[in-house]
Every structure is written in structure tokens, then in C-alpha cells.
Amino acid sequence: MEQMPIELEIGWRDMDAGVSRLKRILHGVDGQSFSSEEYIHLYTTIFNMCTQKPPHDYSKQLYERYKKTLEDYIKSIVLPSLKEKHGEFLLRELVERWKNHKVMVRWLSRFFHYLDRYYVSRKLLLPLRELGMSCFHDLVFNELKTTLATIVIDMVDDERDGQLIDRALVKDVLGIYVEIGRGSLGVYELDFEQDFCKGTADYYSKKAQTWMLEDSCPEYMFKAEECLQKEKERVTHYLHSSTESKLLEDTMLELISRRAEQILNKENSGCRVLLFDGKTEDLSRIYRLFSKMEDGLSQVSQIFKEHVNEEGMSLLKHVSDAANRRKNERKEVVCSMEQDFVRKAIELHDKHLTYITSCFQNHTAFHKALKEAFELFCNKDVAGCSSAESLAAFCDNILWRGGSEKLSDEAVEETLDKVVNILTYISDKDLFVEFHRKKLGKRLLFDKSVNNDHERSLLSKLKQYFGGQFTSKMEGMLLDMTTARDHQTKFEAQNYPESIPGVDLSVTVLTTGYWPSYKTFNINLPSEMVCIPNCYLVELLLE
């Protein structure tokens, strides 16, 4: 016997009763959830009403009534309860109503599952869960979104001013923006994020104007970095992760980028003052903040370059003035001033190289700035003496046994490294080679070199920086001296006939192309050597 079809209104009467019970559960009036029998009855009712033969297939009408049920509930219960709330109370009510709405949609979707599975997919309609979210968006969210965004932005501004806020509440509210977008961030971005970022820019624009008037450069930079860190934390606590880059960009723009020149050149506390006073912590902060800004480091490195050049020119003037005051004194005194310039230039280089490594994270822009600044003042004459000559004299003083520089072997090596660094900034390096070669010759010929290992070490450093051609002649000079010592040892070990008197003689044979030019003198041999047979004399001289 064929089953009688269920009429729409009769079937819907059962569904309406189920919806009423669902509302009571949501409001806490009925604490007991649907039993399996109740659920199966409601599901079967929808199933039968959707599978009956036309004209009793009520799939279309049920889809419409599903939507109307949600709309009626929202209009009669949800909206009135929200409209009577304000501020944070409105946010809490919204979170609660949204939670209930999702429960209602979930249960209704389960009751109407067959409708969703066949009719909706066949007709390419909006799935029931998405339809449920759409009802809340259209009737609730569109009505309140401007108010909601304003309340949240005000709460965030209160937190920025040091007040405690309910972060969990803000996170829940912003979660609704994301959820209601049904897999897209469009709603979140359009209805909240745009206004939030604009509000952030307005907030920090006002703060920056006040801080620029009241605070020193280090104080301002400290506050700016602290604000950026707190904005980053806000993303972790309640904002969507996609907001982070936009939020930090807007904060950076207002606090740093728009006021970069003002910050760096702030009177009595700007970047130049920090460099002069050695404020490494503040300089590190400037680097961290300006490295986030496009072209920011070029501004800082330009100031760094100008500062180094000013320091160098000041040093140059100080040494020149001192040398001029003492120009009538012995030459040794004036030379000591030139060497003092080299010593101070090395100290200046060390100081600013430390800034680069410890504050500016070895960034190439600052290495380039240091190089250009040193090239500017290191190629100027020092009290009428070229920098190349001053460097050669400084090396001579270190390597000359009995010189004024009394250094340990480690200190000598370290100082020679620094001299070579300074030499890289000198344009006329060939001039240095000539001066150094002459002084090296004197040290070698008069046996005044403090240590031949140091001589070789310096040549090795020069060769590494400037190539083998740069040091080939000086290496030949050292080789000549090594060969001469070997010959001398062999000569002294010779046993000559008793008829030849003992002669205490040291001979050094030099390769002409290696050594500087010296004046030639006629040799006046002592009488003891004149009587030696020529064959022995030649052997003695050329052994």
C-alpha cells in the first residue's frame, strides 16, 4: 500500500516544533539536547518531503523556509538584543549571539542534510551552512559593522595609552570578521582592517608630533621601537596575521619615515652627537629602525661618512697646527707629530670600525662610507708631508730596533695590520713603497730591524692586499740579506793559511734592481787586506 504524501504545512509543523525546541536550548531554557529519536524524526521528515513525487516534492519551499527561519530568528531575537547594548557590552553580546547562531545553523543543516546534498547541489544554490552565515552577515553584520570597528579601534587605542583591555574579547570579535568571510579575508580587510590601519596612522601621527617636541633623539627612538614591538605583539594577541606587515608599515611611516631627517639631525641629540659620544646602544637602535625603511640606511650612512670625515679633518688640522707651532724645532719633533697623526688615524679607524661591527651589523653601506671618508682626508698632506711618507715613517719607527714604539710581538703584528688597512685608502701607494723601501734598506744594512719575522709579515700583508708586484723588490732585499748571512757563516768557517792574517770582515752582496740607489765610494782597503793574495781576497769578498 502506497504511503500518503506529507503535506507541506503538516510536515513543517513538526519542523517548526523542532526549531522552537532548538531556540529554548540556545537560550538555556531547555538544558537537554536532541535525542537520537528526535533527530531521526526531523531528518526523516525532511527526507520524505524532498523525495515525494511532484507536486509533493517540497525541496524548493523547504530551502526558502530554512532561510526564513533564520531571518525571523535574527530579526525577532538577535537584532533587538544587540541594539540595546553599547561599547564592550555590545561586543560581548555579539560574540554570544554569533556562537548561538553557529549552533543553530549546524543543527538545522543536519536536519536539512538531504536537501543540502541533492537539491542544493543540483540547483547550484548556496549551501545551507553558507546560507546561514550569509543571513547573519546581511542582517546583523552589515547593520553594526561601522559601530563594531569603531569600538574595537577605540579599545586598541586605549591599550596603546597604557590601559588594560579584554584582549580575548577583541580576538573573538575579529574572529567573526574572518569566519563570516567564508574562507576569504575580504570582510575582515574591507570592514575592519582598512579603518584600523587608518586609525593607527592617525594615532601615531599625533604621538610623533608630541614626542618630536618633547624628547631627545634617543628617547624618541626608544619609544618608536617599543611601539613597533607592541604592535607586533597585538597581531599575536588578537589581530589576523595578515595585518602585521600593513600595521608595521603604517606605524613605521608615521614614527620614522615621515620624520627621518628631523630625527637624525635633532639638535644636541641627533645621529652625529651619538657618534661623537659613542652611544652604541642608541646607534644600534637607529640601525634597527632605519633598516626597516626604504633608503633609510643610506641616510644614516651618509651622516656616518660626514662625521668620520669631520673627525679626520679635525685631526689633520690639529696635527698641522701643532707642527706649525713647532716648525723651528728639531726635525725629529716634527716627524713625531706626523707619526702621531698616523697613530690617531688608526685609533679613529678602530673606533668607527667598531661602530660598523657592533652597531651597524657590518652593513656594506657603512664600510663604503668609512672607506670614502678616510680616502678624503688620508690623501691630504700632514704638515707638508704626504700620508704615504707618514705611514712609512710610522712603520719604520715600529720596526726599527730601539725606536720610540715599544710593543710586544703581538702588538706589532696587530699594528701592522691596521697600517695596511689605512694604506688601502691612500691613492699614491707607489710612493709609500719607495719610502718604505729606503727605510727598510737602512734597517737591513745597519742591522737595526727589530725582527726579520715582522719585516716578512708586513710584506706578506702588503702582498695579500696589493699583489706580488707591489712587494717583489722588498722581498728580494730580504732574500739578499738571508743569502749574505749564509755566505758570511761559510766564510767565517774557512781555514786560511797562517801567512794570511785574520781579517774581521762582513760583506753583503746586493742585487741592484732590488735596492734603492746609494752613493758610490772608492774602497780604501786597510794594509792588512792589501797584502792578502788576490785569489783569497776575491774568495773572501765573493764567497
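Sequence positions, counted from 1, serve as the residue numbers for this chain. Every value quoted in this text rests on a predicted model; they were computed, and no experiment measured them.
- With a 6.0 Å radius and a threshold of 12 heavy atoms from other residues, nucleotides or ligands, Lys279 has its NZ atom at or below the threshold.
- Judged by a 6.0 Å distance limit and a 45° cone about the ring axis, Arg21 is positioned over the six-membered ring of Phe34.
- Ion pairing between Asp195 and Lys198 fails under the 4.0 Å rule for side-chain N and carboxylate O.
- A salt bridge is absent between Asp72 and Arg65; no separation between the charged side-chain nitrogens and carboxylate oxygens falls under 4.0 Å.
- Proximity of the aromatic rings of Tyr425 and Phe377 is defined here by a centroid distance below 6.0 angstrom, and this criterion is not met.
- Considering CG of Leu144 and OG1 of Thr150, their distance stands at 11.5 Å, rounded to 0.5 Å.
- The pair Arg343-Glu347 does not count as a salt bridge, with every side-chain nitrogen at least 4.0 angstrom from each carboxylate oxygen.
- Enclosure of atom CD in Glu294 is not indicated, since only 12 or fewer non-hydrogen atoms of other residues, nucleotides or ligands lie within 6.0 angstrom.
- When all heavy atoms of Leu90 and Ile151 are compared, the closest pair comes out as CD2-CD1, 3.9 Å.
- Under the 4.0 Å criterion applied to side-chain N and carboxylate O atoms, Lys461 and Glu413 are assigned as salt-bridge partners.
- The aromatic rings of Tyr188 and Phe192 sit tilted, their planes meeting at an angle between 30° and 60°.
- Annotation for Ser76 and Pro80: closest pair O-CG, 3.5 Å, computed over non-hydrogen atoms.
- Checking Arg258 against Ser205 by side-chain atom types alone, no donor-acceptor pair falls below 3.5 Å.
- Residue Glu281 qualifies as open at atom CD: its count of foreign heavy atoms under 6.0 Å is 12 or below.
- The pair Glu231-Arg234 meets the salt-bridge criterion, with a side-chain N (NZ, NE, NH1 or NH2) lying under 4.0 Å from an Asp/Glu carboxylate O.
- Under the ring pair (Phe, Tyr, Trp, His ring centres under 6.0 Å) rule, His101 has a single partner from Tyr73, Trp107, Phe136, which is Phe136.
- Annotation for Phe222: atom CZ does not count as buried by contact number, only 12 or fewer foreign heavy atoms lying within 6.0 Å.
- Between Glu96 and Lys99 a salt bridge is recorded (basic side-chain N to carboxylate O distance below 4.0 Å).
- A donor atom on one side chain and an acceptor atom on the other are found under 3.5 Å apart for Gln302 and Glu306.
- Of the residues His352, His349, His367, the one that meets the ring pair (Phe, Tyr, Trp, His ring centres under 6.0 Å) test with Phe374 is His349.
- Classification of the Phe304-Phe366 ring pair by plane angle, with boundaries at 30° and 60°, yields perpendicular.
- Residue Tyr66 comes nearest to Leu128 through the heavy atom pair OH-O, 2.8 Å, listed as atom of the first residue, atom of the second, then distance.
- When all heavy atoms of Cys395 and Leu458 are compared, the pair lying nearest together is SG-CD2, 4.3 Å.
- Sorted by first and then second residue, the ring pair (Phe, Tyr, Trp, His ring centres under 6.0 Å) pairs involving residues 258-283 (not counting sequence neighbours) form an empty list.
- How far NE2 of His436 is from CG of Leu423: 10.0 Å, rounded to the nearest 0.5 Å.
- Within 6.0 Å of NE2 on His237 lie more than 12 heavy atoms contributed by other residues, nucleotides or ligands.
- The pair Lys230-Glu159 fails the salt-bridge criterion, with no side-chain N (NZ, NE, NH1 or NH2) lying under 4.0 Å from an Asp/Glu carboxylate O.
- Remark: aromatic rings of Phe290 and Tyr287 are distant, center separation not under 6.0 Å.
- Minimum interatomic distance between Val419 and Leu391 (heavy atoms only, all atoms of both residues): CG1-CD2, 3.9 Å.
- Heavy-atom neighbours of Lys102 NZ from other residues, nucleotides or ligands within 6.0 Å: above the threshold of 12.
- Between Lys246 and Glu189 there is a salt bridge, since a side-chain N of the basic residue sits under 4.0 Å from a carboxylate O of the acidic one.
- Applying the side-chain contact (heavy atoms from CB on, under 4.5 Å) rule to Lys380 yields the partners Met313, Leu316; only residues at least two apart in sequence or on another chain are considered.
- Using a cutoff of 4.0 Å between basic side-chain nitrogens and carboxylate oxygens, Lys223 and Glu219 are not scored as salt-bridged.
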Margin query: Under the criterion side-chain hydrogen bond (donor to acceptor under 3.5 Å, both in side chains), I'd like the reasoning laid out for Arg182 against Ser134: C-alpha separation, chi angles, the key distance, then a yes or no.
Written below: CA-CA 9 Å; Arg182 302 195 300 275; Ser134 176; 4.5 Å; no
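- At most 12 heavy atoms of other shown residues, nucleotides or ligands fall within 6.0 angstrom of atom NZ in Lys317.
- There is no side-chain donor-acceptor pair under 3.5 Å between Asp250 and Tyr203.
- The NZ atom of Lys266 sits 5.0 Å away from atom CE of Met212, with the distance rounded to the nearest 0.5 Å.
- Taking a cutoff of 4.0 Å between a charged side-chain nitrogen and a carboxylate oxygen, Arg97 and Glu93 qualify as a salt bridge.
- For NZ of Lys85, the number of neighbouring non-hydrogen atoms (other residues, nucleotides, ligands) closer than 6.0 Å is greater than 12.
- Taking all atoms of both residues into account, the shortest heavy-atom contact from Ala365 to Ser301 is O-CB, 3.9 Å.
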